[in-house]
Number of protein chains: 2
Amino acid sequence: MDTQSVSMRTKLESYRASCGGNLANCPVREVMANLSGKWASLLLLLLAEQPLRFGELRRLVPDISQRMLTQTLRDLQRDGYVRREVFPTTPPSVEYSLTDLGRSMFEPLRGLLQWAEGNHTAVRTARTSYDELVR
Amino acid sequence: MDTQSVSMRTKLESYRASCGGNLANCPVREVMANLSGKWASLLLLLLAEQPLRFGELRRLVPDISQRMLTQTLRDLQRDGYVRREVFPTTPPSVEYSLTDLGRSMFEPLRGLLQWAEGNHTAVRTARTSYDELVR
DNA sequence: CGGTATCCTCGAGGATACTG
DNA sequence: CAGTATCCTCGAGGATACCG
């Protein structure tokens, strides 16, 4: 076994250790669950760019329902990624922005999004070639 | 605007450009969708450690149903992340392993998983403190 | 061993209407 | 403007049984 596979194994065993030996009921899975929704990563991406108001987010993501925008933002706020600030204007305006925790988490998430941005054609290609084989 | 925010804005505008101007129907979202399932990232994590057979994965992830294991593996294979090899033993054995594309994608994904591993307590804390406020 | 096939549940997510 | 409240749909995911 070379040094590379040793270091990889080490990392993963530490991850498995954090799951209490078995992978069911793992805290990492709990965290990932809330980032795995249809809208979470997209909203985080936009908020990483700049703070945005509710209506601005709505316009930027035209196909999100008002209900899911509210709910996803609330979940992100609950997990500590997003801060919600109400300004007593008339009518009231509400601004959403990333917290420090959110910014910290978005760093690796951005890496994944950038991979997706750079490699989605390869994925598409694999997908169609697989579909042709199975037909 | 300092140089940092300039570089950030640049990256994000390139992402938005890859979505054809609007964020609906975005290829990045399409890629992310398949990584966002309940089991995908966990299986990728295990396969990044070493190739594994169907039954081994089942034992490692005790709470996955046979149906979802089959289906998630097929989806990952379809997107080009996972290779499936059948060995003509009796009874037949099937080994799953990461492709080059899968390994490439798992690099940033590992970053996110490691963040989750290192910060799940902070998330938990945020969650309970939020729940106490709302009650 | 490594799957399909079937049936079922439940919750994510959508549509629409209403409100402080 | 920024939400709730309601109702509804649909598909992810589970349980069980069968199969090459």
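Note that the coordinates shown come from a computational prediction; the quantities given were computed from them, not determined experimentally. Below, chain A is the first sequence line, B the second, and so on; all start at residue 1.
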- Task: On DNA chain C, check which nucleotide each of B:Gly55 and A:Ser65 is closest to and give me the residue with the more 5' one.
- Result: B:Gly55

- Task: Go through D:dG14, C:dG14, D:dG3 for me and flag the one nearest to the A:Phe54 side chain.
- Result: D:dG3

- Would you classify A:Gln66 as touching base, sugar-phosphate or nothing, given that sugar-phosphate means primed atoms plus P, OP1 and OP2, and contacts are heavy atoms under 4.0 Å? base

- Note on the structure: In short, A:Ser97 meets A:Glu85 closest at the heavy-atom pair OG-OE1, 4.3 Å

- With a non-hydrogen cut-off below 4.0 angstrom, is B:Arg53 in contact with a base, only sugar-phosphate, or nothing? sugar-phosphate

- Are there more than 12 heavy atoms of other residues, nucleotides or ligands under 6.0 Å from atom CZ of A:Arg127? yes

- Message: What is the separation between atom CG on B:Asn34 and atom C1' on D:dA12, rounded to the nearest whole Å?
- Response: 13 Å

- For B:Thr99, check side chain to side chain contact (heavy atoms under 4.5 Å, CB included) against everything at least two apart and list the hits. B:Arg83, B:Leu101

- Message: Can you measure B:Leu52 atom CG to C:dC1 atom P for me and round it to whole angstrom units?
- Response: 15 Å

- Query: Where along residues 79-96 of chain A does a heavy atom fall under 4.0 Å from DNA chain D?
  - Reply: A:Arg84, A:Pro91, A:Pro92, A:Ser93, A:Val94, A:Tyr96

- Task: Provide, to the nearest angstrom, the distance between the CE atom belonging to A:Met68 and the C1' atom belonging to D:dG3.
- Result: 15 Å

- Message: Counting only side-chain nitrogens and oxygens, does A:Arg74 get under 4.0 Å of the OP1 or OP2 atom of D:dT4?
- Response: yes

- Task: Check the distance between D:dG13's P and B:Trp39's CH2 and give it to me in whole angstrom.
- Result: 9 Å

- Query: Which heavy atom in B:Asn34 sits nearest to a heavy atom in B:Glu30, and how many Å separate them?
  - Reply: OD1-O, 3.2 Å

- May I have the distance from B:Gln71 (atom CD) to C:dT4 (atom C1'), rounded to whole angstrom? 12 Å

- Between atom CG in B:Leu43 and atom P in D:dA12, what is the gap in whole Å? 16 Å

- Query: Given atom CZ of B:Arg67 and atom P of D:dA12, what is their separation to the nearest angstrom?
  - Reply: 9 Å

- Message: Could you tell me if the side chain of A:Phe106 sits less than 4.5 Å from the side chain of A:Leu98, heavy atoms only?
- Response: yes

- Length of the line joining A:Asp63:CG and C:dG13:C1', which is rounded to integer Å: 12 Å

- Item | Test item: A:Asp75 and A:Val82 side chains (from C-beta on) under 4.5 Å apart, heavy atoms | no

- Query: What's the shortest heavy-atom distance between A:Trp39 and A:Asp63, and which atoms?
  - Reply: CH2-O, 3.5 Å

